[in-house]
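Numbering starts at 1 and runs along the sequence shown. Counting starts at 1 for both ligands and their atoms, following the listed order.
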Amino acid sequence: VTTRSAWILAIGDELVLGRCADTNSSLLARRLSERGFAVRGITVVGDALDDVAAAIRAAAAQTDLVVATGGLGPTEDDRTRHAAARAAGVELRFDEEGWTGIRSYFARLGRPIPDSNRRQALLPESAERLPNASGSAPGFALPIGAARFVALPGVPRELAAMLDAELLPRLDRWFGGAGALALRELHLLGPSEATAGERLAPWLAERTDATIGITASGGLLTLRVAARAAEAAAAGAAADAIVAELRPRVAEWIVLDGDGPLAAAALARLRASGLRLALAESCTGGMLAQQLTDVAGSSDVLLAGYVCYANDAKSRDLGVDARLLDKHGAVSVEVAAAMAEGGARRSGADVALAVTGIAGPSGGSAHKPVGTVCFGMWRSSRSDAWQLRIADLGRDFIRRRACHECWGALLRALGST
Ligand code: ATP
Ligand code: MG
């Protein structure tokens, strides 16, 4: 299977001014890599015509595919069409069919069409128009030198739609099937990226056939294995074989053997077991509930999420005994266990998770420093509780690490690893 190369171009002054994060490129890079393209680089460039044309030319000179986003709007500062025409050495033409499409888009919205939108019907002479069903700006594709150049809108929602509807189907046509790619994930809690890397280094050094990536986020390590073959079944088998070698090397750290995010996996596991969940959160302030409800269709599993910050609320809403709070403090395994039990009893859930901790920056003590977090899990009418000293890498890290801990514990308890 030959590997094609690609370059991504993000165009817009808002990007180089730091007013807008370039999420389009991440999406494109992910999708193109999954399709077997080697993404060699990402260029972010402002709206200046010369800069855009130069960036297009440079990218097209060294890769098979260049995908640009942004600069297709109706205003004077949207110049991707002009820059592409210049880089290709062709003129712009007025595309009547494109103009009809733009007019009917405005008609659907029931809005008058400003004259400036005519600009969006301009295309480089040799270009093919790519219809945009969710916006006014059509994209386009044309050859520049030996490369295929594709321009897509900058609005993320429009880009995502056109990526699936217009770009991906053309890739097979232009470049032939890239073969099938199989991706597998293992999620680890416990080691640092460096520790896991050291453990795997000798094994990785002997492998030339596999792409294995490690990423870390909120203390959760994700190992990604990619294997490519002509057919999907062969790619899948190759990826499985690599994971089978990898698994025993990191076994004690695995919290999820499969695709993340952890909350989605936990949700699926609870649903498969017919279990309903309650969440009792203090220092995570609803983050667990947020992560679970980010997954569409969580309502058959999640019964209730309680955010109880104050001691009074822990007593009133979760039935935590005030004497327990006095004796052990709000951040204690005793209170975490009681919060989990209270969450389950109040809601009628089968399983409950509780988290109470010191996320900082203030509130720590010598005995309970910032990063001390206690967890409770109620299951089969009993509570388990444990404590973690999370590295103080900031409030956000501590809270995200705490959420990973909850989902990881739940997945382990439900026997998913
Ligand atoms: P439109 O016809 O809607 O104007 P366009 O192709 O001209 O489309 P831009 O004007 O460049 O798109 O960008 C529109 C908006 O999309 C920007 O204001 C920004 O919010 C968002 N956007 C643009 N480029 C990116 C990017 N690379 N990553 C994330 N968001 C982006
Ligand atoms: Mg713009």
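Using a non-hydrogen distance threshold of 4.0 Å, Gly12 does not register as a contact of ligand 1. Contact between Cys20 and ligand 1 is present, with at least one heavy atom of the residue lying under 4.0 Å from the ligand. Residue contacts with ligand 1 include Pro156, since one of its heavy atoms falls under 4.0 Å from the ligand.
No salt bridge links Arg346 with Asp317; every basic N to acidic carboxylate O contact stays at or beyond 4.0 Å. Under 4.0 Å is where a charged nitrogen must lie from a carboxylate oxygen, and between Arg184 and Asp240 at least one such pair does. Salt bridge Arg247/Asp257: present, at least one basic N to carboxylate O contact under 4.0 Å.
By the 4.5 Å heavy-atom criterion applied to side chains, Met162 and Leu167 are not counted as neighbours. Side chains of Val150 and Arg170 form no contact here, defined as non-hydrogen atoms less than 4.5 Å apart.
For the pair Arg118 and Phe94, the distance from NZ or CZ to the six-membered ring centre is under 6.0 Å and the angle to the ring normal is within 45 degrees. For the pair Arg199 and Trp253, the cation-pi test (distance below 6.0 Å, angle within 45°) is passed.
Per-residue contacts place Ala21 under 4.0 angstrom from the following atoms of ligand 1 (heavy atoms of the residue considered): 28 (N), 29 (C). Taking a cut-off of under 4.0 Å to the non-hydrogen atoms of Ala137, the atoms of ligand 1 that pass are 2 (O). Near Asp22, meaning under 4.0 Å from one of its heavy atoms, ligand 1 places the atoms 26 (C), 27 (N), 28 (N). Against a heavy-atom cut-off of under 4.0 Å, Asp78 is close to the following atoms of ligand 1: 7 (O), 10 (O). Each of the following atoms of ligand 1 lies closer than 4.0 Å to a heavy atom of Gly70: 6 (O), 11 (O), 12 (O).
Side chain of Arg399 to backbone of Cys283: a donor-acceptor contact under 3.5 angstrom is found.
Relative ring orientation between Phe37 and Phe175 is described as perpendicular, the plane-to-plane angle rising above 60° on a 0-90° scale split at 30° and 60°.
Taking only non-hydrogen atoms, the option from Arg19, Gln120, Glu14 nearest to atom 2 (O) of ligand 1 is Gln120. Closest heavy-atom approach to atom 23 (C) of ligand 1 among the candidates Ser26, Gly71, Gly154: Gly154.
Here Leu15 has side-chain heavy atoms under 4.0 Å from ligand 1, and that is the only part of it that gets that close.
Considering backbone and side-chain N/O atoms, Pro153 never comes within less than 3.5 Å of an N/O atom of ligand 1. By the 3.5 Å distance cut-off applied to N or O atoms, Asn24 is counted among the residues near ligand 1.
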